[in-house]
Each structure stands twice: as C-alpha cells, then as structure tokens.
Amino acid sequence: MSHFIGVDIGGTNIVFGLLDDELNLLRKSKKPTGAANGVDYVLNLIASTIDELLAEQGLSRADLGAVGMGNPGFVDPERGVALSSANLKWENVPVAEKLGGLLGGIPVFIDNDVKMYTYGEAARGAGRGYKHVLGVTLGTGIAAAMVNEGKLYYGSGFLAGELGHVPMEGESALCGCGMRGCLETIASATGIARIARERLERGEASVLGEWFPGERIRDITAADVSRAYDAGDALAADVLRFVGVKLAIGLAWAITLWSPDVVVIGGGAANAGERLLAPMREALMPLILPMYRNRVVIKPAEMNDDAGVVGSAAFARSRAGL
Ligand code: BGC
C-alpha cells in the first residue's frame with residue numbers, strides 16, 4: 001500500500017502530512033520554514049521531517065508513492081520548478097529534482113500553494129459536492145485558484161489566479177511583487193495589521209492603542225484587530241469593513257470571469273470570519289450581476305492547515321498515476 005506526503009510551505013511555517021493511499025491523514029507536523037537560511041536548508045529540513053514522519057508511523061521511504069508540495073509563488077508544475085516566490089525569496093529552484101534527490105529518488109510534484117489548497121478543499125472540504133470551486137486564501141499573500149469538475153485551471157504559464165496582485169484604486173503600499181497598491185497589501189493578514197497601525201499612528205482612538213502603547217504598536221497582528229473588534233472597538237470594525245470592501249472588489253471580478261458555484265475563503269486573515277466576511281458580502285452583492293448573486297455561495301474554508309497538505313498529496317497521487 002502506497003503512502004503519500006503532502007507539504008504546504010509558507011513564508012513562516014511548513015506543514016507536513018503523511019497520508020495513506022485513500023488520502024486519510026495519519027500524521028501531521030509543523031516546523032518554522034527558516035527561509036532566511038536559504039533553499040538548501042529548507043529542502044534538507046523537508047527531507048528530514050519526511051523521514052521523521054515515516055519513522056513515527058513505523059514506515060520507510062519504500063512505503064512512499066510520491067510527495068506533493070504547495071509552494072507560495074509562481075510554479076511550473078510540469079518541470080517541478082519554483083519559478084519565483086517573493087515570500088521565500090526563491091528564484092528558479094528545481095524543487096522536484098533536488099528534493100527527489102535528497103529522498104533517494106521518490107517522485108516529487110510541486111504546484112502553487114493556493115492551487116493545492118483549493119484542490120484539497122474542493123475534494124474534501126467546503127467545496128465538496130460543487131462542480132466549479134473558486135478558492136481564495138488570505139494569508140501572508142493572496143491568490144485564487146479554480147477547480148472545475150475536479151481539475152485545476154492553469155492558464156498561460158500556469159499563472160491563472162494571481163488575484164493578490166491586482167491594483168486597488170487609491171492604494172499605494174509597496175507589495176512583495178514590486179508593484180504598489182496590490183489587493184495583497186490590504187486583504188492579507190499583514191495588510192490588516194498595517195492598516196490598523198497606520199491609523200493609530202495618525203492619532204485615531206482605539207483600544208489597540210492601550211493594548212500596544214508606544215513602540216509596541218509594531219506587534220499588532222490581524223488577530224489583535226479581531227480581538228479589538230470583539231471588544232466593540234470602532235476603529236477595528238472600520239478597518240475590517242474597509243478590507244472587506246477591497247476584497248469584494250477583487251472577488252467581483254473573479255466571480256464574473258469564472259462563475260463559480262462556490263467561493264471558499266481560507267488562510268490566516270480569514271480567521272477574522274464574519275467580522276470580515278459580513279461586510280465583504282454586503283459590498284460584493286451590488287458589484288455582481290443578479291444572475292451570479294443568486295447562485296454563488298460564499299463560505300469559509302473547512303480544513304484549515306489540512307487543505308494544503310491533503311491537496312498536495314492528492315495532486316501527487318494523481319500525477320504519479322497511483
Ligand atoms: C503569490 C502567489 C501565492 C500567494 C499565497 C502571492 O503573493 O503571488 O503565488 O499563491 O501569495 O502564498
């Protein structure tokens with residue numbers, strides 16, 4: 001019986017999953033990425049963690065059918081190359097070949113992280129039972145992916161879905177991609193924290209100013225903004241409404257172009273839940289035609305961390321023909 005490994009690599013953490021041949025998740029592990037230590041450090045860490053997971057389950061490399069990995073950035077899944085990743089600072093890394101070598105020749109398949117996440121949610125999470133699933137993750141970065149009747153849509157250069165890099169009118173924050181005012185600078189976890197911080201620095205009143213006095217203002221996270229919202233803070237509510245409206249503009253274009261049955265929203269910033277999704281839905285509905293409005297379901301993701309690893313493992317299993 002073949003087993004599979006799914007790896008979801010992010011700028012901060014790497015999540016690993018060991019799955020059986022029916023894609024049941026047997027074991028999970030999470031490690032800091034340590035991207036600043038360079039590509040070889042990260043790939044060696046991945047290989048040694050895979051060995052650890054196998055040993056914990058009483059298995060060896062011989063029991064592995066394939067390894068799948070979701071990478072934050074542009075990927076060529078046919079050649080297994082990470083073309084460019086602003087969050088990892090990787091350029092043209094032949095991940096499948098290098099990691100496959102470290103693992104003694106086990107087939108390794110890589111793809112974009114949000115494509116893998118959406119593949120997982122479409123098969124086993126909030127997209128289950130729908131034909132046309134649009135996944136959007138709001139993490140450090142933002143991207144979208146479309147799964148149509150079980151198949152990912154890639155577009156030219158495998159680049160379909162880079163929704164984080166559409167410009168928002170009137171916005172000018174510098175994005176990791178080098179452009180300014182991208183949706184990702186606003187509707188991401190880092191964007192929410194930045195906007196709250198900037199408004200505090202402009203002297204606006206908020207309980208966040210009491211919780212994070214002086215220099216500590218730099219420590220504010222998106223989760224703190226949600227906490228302040230729950231404490232009835234007007235600035236926090238306004239920041240989440242503002243972010244929700246910008247996200248709605250991005251989603252209006254995506255829904256109109258792709259006409260999904262369901263939009264599954266995941267990623268760290270989506271932990272704000274209805275605090276963010278309620279103003280987003282309210283802003284979105286007048287921006288899309290009634291025919292979309294009456295069909296499209298907008299839902300939070302269901303699998304959290306598991307979506308990326310299950311999606312990557314499922315993708316690897318299918319690419320390996322197992
Ligand atoms: C990248 C995408 C990636 C997303 C989430 C964006 O900045 O351009 O390729 O999928 O972040 O990690």
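One-based numbering, in listed order, for ligands and for the atoms of each. Computed over heavy atoms, backbone and side chain alike; hydrogens, waters and symmetry mates excluded.
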Please set out all donor-acceptor pairs under 3.5 angstrom arising from side-chain atoms of residues 91-102, sequence neighbours excluded.
from, atom 1, to, atom 2, distance (Å)
Glu91, OE2, Ser84, OG, 3.2
Lys98, NZ, Asp40, OD1, 3.0

Does Ser188 use its side chain to pair, donor to acceptor, with the backbone of Thr185 at less than 3.5 Å? no

Give the table of side-chain donor-acceptor pairs shorter than 3.5 Å for residues 7-19, with sequence neighbours excluded, one pair per line with atom names and distance.
none

Quick one: list whatever passes ring pair (Phe, Tyr, Trp, His ring centres under 6.0 Å) with Phe74, sequence neighbours left out. none

Would you please write out the protein residues whose heavy atoms approach any atom of ligand 1 to under 4.0 angstrom, listed by chain and number? Pro72, Gly73, Phe74, Asn112, Asp113, Val114, Gly141, Ile142, Ala143, Glu162, His165, Glu184

Less than 3.5 Å apart, any donor N or O on the side chain of Ser2 or Asp21 sitting next to an acceptor on the other? no

Using only heavy-atom distances, determine whether the side chains of Thr221 and Asp224 contain a donor-acceptor pair under 3.5 Å. yes

